[in-house]
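In what follows, a single structure is set out as structure tokens and then discussed.
The basis for the numbers below is simple: all heavy atoms, side chains too, and nothing from hydrogens, waters or symmetry mates. From a predicted model like this one, the values you see are computed outputs, not experimental measurements.
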Amino acid sequence: MISEAPNRDIEGAEVVDTNIHEITQESKPTVKKRVGGWKLALILLANQGLATLAFFGVGVNLVLFLIRVLDQESATAANNVSIWTGTVYLFSLVGAFLSDSYWGRYLTCAIFQVILVLGLGLLSLTSWLWLIHPHGCGGVGNYCQPTSKVGVALFYLSIYLIALGYGGHQPTIATFGADQFDESDPKQQFSKAAFFAYFYFALNVGCLFSNTILVYYEDKGLWTLGFLVSLGSAILALVSYLAASPGYRYIKPCGNPLPRVAQVFVAAFRKLSVAPTSPDNLYELEGTKSAIKGSRKILHSNEILFLDKAATITEKDQTADETNPWRLCTVTQVEEAKCVLKMLPVWLCTIIYSVVFTQMASLFVEQGDVMESHIGKFHLPAASMSVFDICSVFICTGLYRNFLVPLAGRLSGNPKGLSELQRMGVGLIIGLLAMVAAGATEIARLRGVTPGEKVSSLSIFWQIPQYVLVGSSEVFMYVGQLEFFNGQAPDGIKSFGSSLCMASISLGNYVSSLLVNIVTHITARGGDPGWIPNNLNEGHLDRFYFLIAILTALDFVVYLFCAKWYKGINLQGSEQEIEIMEDQKGNDLQGSEQETQITETQHGSSSIHGKPQDESVLNKV
């Protein structure tokens, strides 16, 4: 017989502290309506908007800051921005890991927002004391004096502190906002899905201010003022976030997922010669309790069956004095590892789209900087063109939720309209069209170049189609990604699921930088300036855009296969069903319960996929 499974990651007593509103699978208060909900979600949406304003107040014009203030060449500046932006979203994995494993969503958001404030404060001080000399330099045609090594070093330290702060904050605030809704309530479940659309909407509201007002003043050379406004926005976001602390709905961290996933692979490889048993005979704990603290059980799936070996009970497992987690894992633990593996192919297919997206912060800006951008005497900053991307997001979000969802719902029978995977596929196609539009604009721009002139006669407003297409593709791709990865991630790694969307943007920036380097190396030979020279009038930026369009088309074909193969996660019951079961047990034991506190003591016991162990069942293995 297998001995009783040790209560690792399981708490026997169930106690609710109504003062801090902590919600876990082991502790479910009956007064959940008093915490979380849209009131707290709106505060978190405002926090997202303010933090985004602070971040993009630096990021949206960074490529021109590097060129005009630090005197970098166009290709070098574009690469540095791509690497920096990639690092921002790579830090999202760090934030997600700390949130899921140790700190919890609330504390993680607070700490990384403090780091963001420190980075913006250092950047404002550095630009004022060491970089912007003479005063007002860095505007159009007004380059700054050579900078000191100390100033450059502090500048890079400050922007990477900003990268760490914003990157770690992003996936956690998205998941924390979703935590404010109870999945057991159908209305709140719908609200949770709507939250992700509004989350991306709030992000773009923050971008709207930074990409118009702040960009205008920075383009005039008032860089320090722009950085100080970003600092003020970050401070306001942090203060409002902390002020709402008593009302949040909290989810406890579920422990480090890395050992859990590693145990599954180690146990499976230790049983290479063992044939996986039938699903009904796989190892699982009895009742509603999961071996993963704070997580619901995950039902068995028929994909990646090799990992089922980890939950297959052998004769050695039966005779062992205690269960060895590096040799025998529960079905829930195995399915958690399967979920990660199944999401990875879909996630990898989103990276090329992020290459499309990252062009807005680099090559789109450089392209617009050499186009006719005057409206009378007013000079329109090239980075301000991204306002058309933001407006496109606003309009497409409204059209999608009010028209496309009802129409697609009637045609498909899916109340969400299009599934998350279908939306991501649509986003890929629209992103491809954006690159074709950008390439066509560049061809027209080159035709309008007068020899010896830097600026083409083609109006910068010819960039509107490419920005609008990128914006509409974001509504489908990034909102779909947030819903998909958050919904498909097991309870124990929800922030990790949200971070995959940000990590996709990160790798997209690195791939974009790699593509620029490869294309420059191949095309700039024998005196040829190449496709992306310092003087874009001598190059062929259009060919680079068309190359990305071809890569996106190939990626879409691969994505279709991955999306068709994917099978979603299957959780055992909802929170409400589990709560009803546990309340019934409590009633049988205690007769009555208090409204705001549930106390239940239950000793965990081992079973095979939810069935009691006995000799006849074990002998089947």
message: Would you say the rings of Phe201 and Phe394 are close, in the sense that their centroids are separated by under 6.0 Å?
response: yes

field: Side-chain donor/acceptor of Asp100 to backbone N/O of Pro257, under 3.5 Å
entry: no

Under 3.5 Å donor-acceptor, Lys494 side chain and Ala489 backbone: yes

- prompt: Atom CZ of Phe227 and atom CD of Glu218: how far apart are they, to the nearest 0.5 Å?
  reply: 5.5 Å

query: From Thr85 OG1 over to Asn509 CG, what is the distance, rounded to the nearest 0.5 angstrom?
result: 4.5 Å

Within-4.5 Å side-chain heavy-atom neighbours: Glu420 and Gln488: no

message: Please check: side-chain N/O of Thr126 versus main-chain N/O of Gly151, any donor-acceptor pairing under 3.5 Å?
response: no

query: Quick one: side chain to side chain contact (heavy atoms under 4.5 Å, CB included) partners of Cys349, sequence neighbours excluded?
result: Asp555, Val558, Tyr559, Cys562

field: Ser392 side-chain N/O to Val468 backbone N/O, donor-acceptor pair under 3.5 Å
entry: yes

message: The criterion is salt bridge (Lys or Arg N to Asp or Glu O under 4.0 Å); which residues satisfy it with Glu335, sequence neighbours excluded?
response: Lys338

- prompt: Any sub-3.5 Å donor-acceptor pair from Gln48's side-chain atoms to Ile173's backbone N or O?
  reply: no

message: I'd like to know whether Asn61 forms a side chain to side chain donor-acceptor pair (under 3.5 Å) with Asp219, so could you lay out the CA-CA distance, the side-chain angles of the two residues, the decisive distance to 0.1 Å, and finally the verdict.
response: CA-CA 8 Å; Asn61 231 7; Asp219 199 57; 4.8 Å; no

message: For Ser354, is there any backbone N or O sitting under 3.5 Å from a side-chain donor or acceptor partner on Thr358?
response: no

message: Does Val470 form a side-chain contact (heavy atoms from CB on, under 4.5 Å) with Met360? I'd like the steps, not just the answer.
response: CA-CA 9 Å; Val470 171; Met360 282 200 307; 3.7 Å; yes

field: Side chain to side chain, Leu40 and Arg249, heavy atoms closer than 4.5 Å
entry: no

query: Does the side chain to side chain donor-acceptor pair (under 3.5 Å) test come out yes or no for Ser473 and Tyr478, once each step is laid out?
result: CA-CA 8 Å; Ser473 70; Tyr478 283 137; over 6 Å; no

query: So which heavy atom on Leu44 is nearest to which on Gly177, and how close?
result: CD1-CA, 3.5 Å

task: Determine the minimum heavy-atom distance between Glu336 and Gly492, stating which atoms define it.
output: OE2-CA, 4.3 Å

- request: Quickly, which of Leu433, Ile429, Leu432, Val355 forms a side chain to side chain contact (heavy atoms under 4.5 Å, CB included) with Thr552? Name it, please.
  value: Leu432

message: With side chain to side chain donor-acceptor pair (under 3.5 Å) as the criterion, how do Thr172 and Ser495 come out once you've worked through the C-alpha distance, each side chain's angles and the decisive distance to 0.1 Å?
response: CA-CA 6 Å; Thr172 313; Ser495 292; 4.8 Å; no

Tyr566 OH: over 12 foreign heavy atoms closer than 6.0 Å: yes

query: Step by step, would you call Glu474 with Tyr353 a side-chain contact (heavy atoms from CB on, under 4.5 Å)?
result: CA-CA 9 Å; Glu474 291 173 53; Tyr353 173 80; 3.5 Å; yes

Residues Asn256, Tyr102; criterion side chain to side chain donor-acceptor pair (under 3.5 Å); working and verdict: CA-CA 7 Å; Asn256 189 346; Tyr102 303 111; 3.1 Å; yes

query: Ignoring hydrogens and geometry, is there a side-chain-to-backbone donor-acceptor pair from Asn402 to Gly398 under 3.5 Å?
result: yes

query: How close do Gly119 and Ser158 get, heavy atom to heavy atom, and via which atoms?
result: O-CB, 3.6 Å

query: So with a 6.0 Å cut-off around OH of Tyr216, is the heavy-atom count from everything else above 12?
result: no

- prompt: To the nearest 0.5 Å, what is the distance between CG (Leu228) and CG (Leu222)?
  reply: 11.0 Å

task: Might you confirm whether atom CH2 of Trp38 has over 12 heavy atoms from other residues, nucleotides or ligands at distances under 6.0 Å?
output: yes

- prompt: Are the side chain of Trp223 and the backbone N or O of Gly138 linked by a donor-acceptor pair below 3.5 Å?
  reply: yes

- prompt: Shortest non-hydrogen contact from Gly431 to Val356?
  reply: O-CG1, 3.7 Å

- prompt: Does a side-chain heavy-atom distance below 4.5 Å link Phe56 with Tyr166?
  reply: yes

task: I would like to know whether Tyr241 and Tyr248 meet ring pair (Phe, Tyr, Trp, His ring centres under 6.0 Å); could you show each step before the answer?
output: CA-CA 10 Å; Tyr241 176 81; Tyr248 293 130; 5.6 Å; yes

message: Just checking Phe403: does its CZ atom have more than 12 heavy atoms from other residues, nucleotides or ligands closer to it than 6.0 angstrom?
response: no

- prompt: What residues form a salt bridge (Lys or Arg N to Asp or Glu O under 4.0 Å) with Asp389, not counting sequence neighbours?
  reply: none

message: Any non-hydrogen side-chain atom of Arg260 less than 4.5 Å from a side-chain atom of Ile493?
response: yes

- request: To the nearest 0.5 Å, tell me how far Leu154 CG sits from Leu125 CG.
  value: 8.5 Å

query: Is a donor on one side and an acceptor on the other found under 3.5 Å between the side chain of Thr212 and the backbone of Phe209?
result: yes

Closest heavy-atom pair and its distance - Gln481, Cys501: OE1-CA, 3.3 Å

task: Look up atom CG in Asp491 and atom CZ in Arg296, then write down how far apart they are to the nearest 0.5 Å.
output: 4.0 Å

Chi angles and distances behind the side-chain contact (heavy atoms from CB on, under 4.5 Å) call for Trp84, Thr87: CA-CA 5 Å; Trp84 177 76; Thr87 305; 5.6 Å; no

field: Crowding at OH, Tyr106 (>12 non-hydrogen neighbours, <6.0 Å)
entry: yes

- prompt: Counting only N and O atoms by type, is there a donor-acceptor contact under 3.5 Å from the side chain of Ser99 to the main-chain atoms of Gly95?
  reply: no

query: Side chains of Leu164 and Phe112: does their closest heavy-atom pair fall under 4.5 Å?
result: yes

message: If I compare all heavy atoms of Ala163 with all of Val88, which pair ends up nearest, and what's the gap?
response: CB-CG2, 3.4 Å

- prompt: Hey, does Leu131 have a side-chain heavy atom less than 4.5 Å from the side chain of Thr224?
  reply: no

task: Please round to the nearest 0.5 Å and tell me the distance separating atom CG of Leu53 and atom SG of Cys207.
output: 8.5 Å

field: Heavy-atom side-chain proximity of Leu551 to Leu515 below 4.5 angstrom
entry: yes

task: Indicate the ring-plane relationship of Phe476 and Tyr400, choosing parallel, tilted or perpendicular according to the 30° and 60° boundaries.
output: perpendicular

field: side-chain contact (heavy atoms from CB on, under 4.5 Å) between Val346 and Phe484, intermediate numbers included
entry: CA-CA 10 Å; Val346 175; Phe484 175 76; 4.0 Å; yes

- prompt: Is there side-chain contact between Thr108 and Phe97, with at least one heavy-atom pair below 4.5 Å?
  reply: no

